[in-house]
Amino acid sequence: MKIKEILNEAEADWAALPLVEKNLIVKNLKNKTIVICGNGLARCFVYALLYQNDAKNLNIRVILTGDNKEIAMSGLSHDLFLRDDFEFMSFDLLTELSDADYLIYTGVCGEEIGNDIELFRNAIKSSEILADFSAKTKAKVLFFNDSRVYGVGEPHRVYSENEYPYCDINSAESFETQLMRVLETVWASKRKMSAFDFTTLRTGIILGAGLKTPFDDVFRCISENKSCVMNISLKKYSFVYINDVMRAAVYALSELEGNTAYNIIGKNSVCSTAEIFAKLNEIYGDLTEIKSGATKELNACAISGGKIATSGCEPKTSLEIALELSEIGCSNGNDSRLPHSHEGRLSYIQSVQLAYLLELDRICRKHNIKYFLGGGTLLGAIRHKGFIPWDDDADVMMLREDYDKFCKIAQSELPQGMTFQTSDTDSKCFYEFAKFRLDDTTFATEFAKTHKGMHNGLAFDIFCHDNTANSKLGQKIHIAMTLFTRALVFNKWNNRKAENDSKIQSAVTDFCKRIFPIKFSMWLEKKTLTFFKNKKNAKYLYDGMGRNIYNGVFPKNCLDEVIYVDFENIKMPIPKKYDEYLRFLYGDYMELAPLSTRLGCHEIDLCDIGKYDGYKIF
């Protein structure tokens, strides 16, 4: 049974590891043996790793361990035993295992501890057994704790990794702190004696489907449209969505410096529960009534995540998105609502994009220019009969002959208030493709906003698909040269060092970047794109201008014929062989993207749609 059939949509989201770079998963987890021990968070890791096996054929061997099989398997489907890549080993059998690559021990992270002395004893015993196992196998260890290790904490104080405040052993809250500190001490002592690689990850309060959170009752009431009471306090805490915890774990296995501790918190996620109460009312106030209750403190504190961020693993999920995804998770992942994006502007942005499409369609019909919906816009036409509900841009594609013809007449045909942008029409722009831009608006990513002299209005992308070689060797060389010339332009434009998997290639790119003027590099890039322009028997095309260049080439006959389909109740052109083309781009294109990625395809830092706020095309 595939893991996706076991999980609801919100759980499948974190299991898909949507925030983890693909190369990290393949490079560091493929063919590894990973031993996992713990409770709620550990079960999430079991599902996530097996999900990766299903999705990417990584051949990870997942071993769940514990003192008691029934307790360890609690919350996990017993259908896992039907899989070849999963097994349970009791501690007794684990001692006979001679080889393992990684050990993930989640201990009591995120678990209710109270004053359970037996739990204290079992946690210490488990730590000693697992530490001895790691010493024998030299497995790299990830040990999880949470912010309770720092104690109750002072008001307004945020704690870094090496700041252990005084713990009053007589206080009611100190038991949990003492247990967590003793666990870390046991592991540290064992590591010093046996020299295995050991990394501690301390989390904020983890939010996410499949985990217990302080707000589960409120989330359930919201999903059922019932009124509820939420206890609040003004004390600051740190929160983190489970996707960022998963991402930090994958980084820690290979990219982060070992034998140290890192705090994991979410993006802009240090706040009080009173602030969360206000956020929930802002998001869901029109659906249900959320009243404030008594003052109640959480046994946690505010922690800093700066150390792991400066090590290359910055958090990606904001607290607002984490709350929305957690609420969807409490509705068993069946909530049809999507997380908010673009601060409520998305429907208006899509209306403007549709207006762009109609203008382009008018121009192309007038001048007999063939074009197709492309990329996510084509996918939306087939899967949603319009825009992908969370998409914030539109793409069209043309063949070279039509693209060149279109570029010559586009600006003269556009109505006032719209600009046709290429590297020829905008001296500050060095994109390899064309765009429509809406004047007196701003829609800029972190990258684009640094180029203040460039038109950064709301955009619409126009791509060209070019001929390439017929032979595999010729295609490989053509794609390599395209990537090289694109890197010359991009890195010169942004004053950045070239970075890829080859140090030699990066060094050559940096050398050429320094000696070539950017206009020459741009000329070289265009010559590379059009190298096979006049090839009469060309059988293949490639997307030299876009991200799909990494998919390789596709048959030229995919874009031979046009058919028309409904797109937002308007007939729009797509390739007749759209199925073959979409499978080339996306594989199983009817499968929805992970839930947390449905926030628009761009991270927009500056957004101002001006007079188009509230715009509707009909």
Query raised in the report: What class does the angle between the rings of Phe420 and Phe406 fall in, given that below 30° is parallel, 30 to 60° is tilted and above 60° is perpendicular?
Result: perpendicular
Query raised in the report: Would you find a donor on one side and an acceptor on the other, under 3.5 Å apart, between the side chain of Thr528 and the backbone of Lys526?
Result: no
Query - Residues, nucleotides or ligands: over 12 heavy atoms within 6.0 Å of Asn569 CG - result: no
Query raised in the report: Taking atom CG of Asn537 as the centre, does the number of heavy atoms from other residues, nucleotides or ligands within less than 6.0 Å exceed 12?
Result: yes
Query raised in the report: Are side-chain N/O atoms of Thr377 and Asp395 paired as donor and acceptor at under 3.5 Å?
Result: no
Query raised in the report: Do Lys533 and Asp404 have side-chain heavy atoms sitting under 4.5 Å apart?
Result: yes
Query raised in the report: When you look at CZ of Arg583, are more than 12 heavy atoms from neighbouring residues, nucleotides or ligands closer to it than 6.0 Å?
Result: yes
Query raised in the report: Hey, does Asn534 have a side-chain heavy atom less than 4.5 Å from the side chain of Asn467?
Result: no
Report task. Please tell me if the side chains of Ile242 and Leu325 come closer than 4.5 Å, counting only heavy atoms from C-beta onward. Result -> no
Report task. For a side chain to side chain contact (heavy atoms under 4.5 Å, CB included) with Leu29, tell me which candidate from Val20, Asp101, Ile34 qualifies. Result -> Ile34
Requested in this report: Scan Lys535, His478, Lys476 and name whichever one has a side-chain hydrogen bond (donor to acceptor under 3.5 Å, both in side chains) with Thr468.
Outcome: His478
Report task. Assess the side chains of Tyr612 and Asp440: does a donor N or O sit below 3.5 Å from an acceptor N or O? Result -> no
Report task. Using modelled atom types only, decide if a donor and an acceptor are shared between the side chain of Tyr540 and the backbone of Lys472 within a distance under 3.5 Å. Result -> no
Requested in this report: For Tyr581 and Ile574, indicate whether the former's side chain and the latter's backbone hold a donor-acceptor pair under 3.5 Å.
Outcome: no
Query raised in the report: Parallel, tilted or perpendicular for Tyr431 and Trp493, by the 30°/60° rule?
Result: perpendicular
Query raised in the report: Do Asn494 and His451 touch side chain to side chain, with heavy atoms closer than 4.5 Å?
Result: yes
Report task. Output yes when a side-chain donor or acceptor of Asn491 lies under 3.5 Å from a complementary backbone atom of Thr509, and no otherwise. Result -> no
Query raised in the report: Backbone N or O of Pro18 within a donor-acceptor pair of the Arg247 side chain at under 3.5 Å?
Result: no
Query raised in the report: Is the backbone N or O of Met1 less than 3.5 Å from a side-chain atom of Arg83, with the two atoms forming a donor-acceptor pair by type?
Result: yes
**Report entry** CD (Glu314) with more than 12 external heavy atoms under 6.0 Å
**Finding:** no
Report task. List the steps, then state whether ring-ring contact (aromatic ring centres under 6.0 Å, His included) holds for Phe567 with Phe387. Result -> CA-CA 7 Å; Phe567 184 90; Phe387 288 105; 5.0 Å; yes
Report task. Could you tell me whether a side-chain N or O of Tyr356 sits under 3.5 Å from a main-chain N or O of Leu458, the two making a donor and an acceptor? Result -> yes
Query raised in the report: Is Lys56 atom NZ crowded by more than 12 heavy atoms from other residues, nucleotides or ligands, each under 6.0 Å away?
Result: yes
Query raised in the report: Do Ile3 and Leu50 touch side chain to side chain, with heavy atoms closer than 4.5 Å?
Result: yes
Query raised in the report: Do Tyr251 and Ser311 have side-chain atoms, one donor and one acceptor, less than 3.5 Å apart?
Result: no
Query raised in the report: Counting distance only, does the side-chain N/O of Asp244 pair as donor-acceptor with the main-chain N or O of Ile264 below 3.5 Å?
Result: no
Query raised in the report: Between His465 and Phe554, what is the ring plane arrangement, given parallel below 30°, perpendicular above 60°, and tilted in between?
Result: perpendicular
**Report entry** Side-chain donor/acceptor of Trp14 to backbone N/O of Met246, under 3.5 Å
**Finding:** no
Requested in this report: Determine the interplanar angle of the Phe516 and Phe520 rings, folded into 0 to 90°, and report it as parallel if under 30°, tilted if 30 to 60°, perpendicular if over 60°.
Outcome: perpendicular
Requested in this report: Check whether any side-chain heavy atom of Phe443 lies under 4.5 Å from a side-chain heavy atom of Asp393, and answer yes or no.
Outcome: no
Query raised in the report: Is the shortest side-chain N to carboxylate O distance from Lys513 to Asp510 below 4.0 Å?
Result: yes
Query raised in the report: What's the spacing between Ile369 CD1 and Ile363 CD1 if we round to 0.5 Å?
Result: 8.0 Å
Query raised in the report: Do Asp13 and Asn243 have side-chain N/O donor and acceptor atoms under 3.5 Å apart?
Result: yes
Query raised in the report: Say you draw a straight line from CG of Asp543 to CG of Leu585; how long is it, rounded to the nearest 0.5 Å?
Result: 8.0 Å
Query raised in the report: Should Pro415 and Glu359 count as side-chain neighbours, where that means a heavy-atom distance under 4.5 Å?
Result: yes
Query raised in the report: Where the side chain of Asn53 meets the backbone of Ile60, is there a donor-acceptor pair that is under 3.5 Å apart?
Result: yes
**Report entry** Over 12 foreign heavy atoms within 6.0 Å of OH, Tyr578
**Finding:** no
**Report entry** CD/Glu255: more than 12 non-hydrogen atoms of other groups inside 6.0 Å
**Finding:** yes
Query raised in the report: Per the side chain to side chain contact (heavy atoms under 4.5 Å, CB included) rule, which among Gln411, Lys428, Lys435 passes with Gln421?
Result: Lys435
Requested in this report: Carefully, step by step, assess Lys556 and Asp560 under the rule salt bridge (Lys or Arg N to Asp or Glu O under 4.0 Å).
Outcome: CA-CA 7 Å; Lys556 188 172 183 177; Asp560 274 352; over 6 Å; no
**Report entry** Leu207 side chain reached by Thr317 side chain, heavy atoms, under 4.5 Å
**Finding:** no
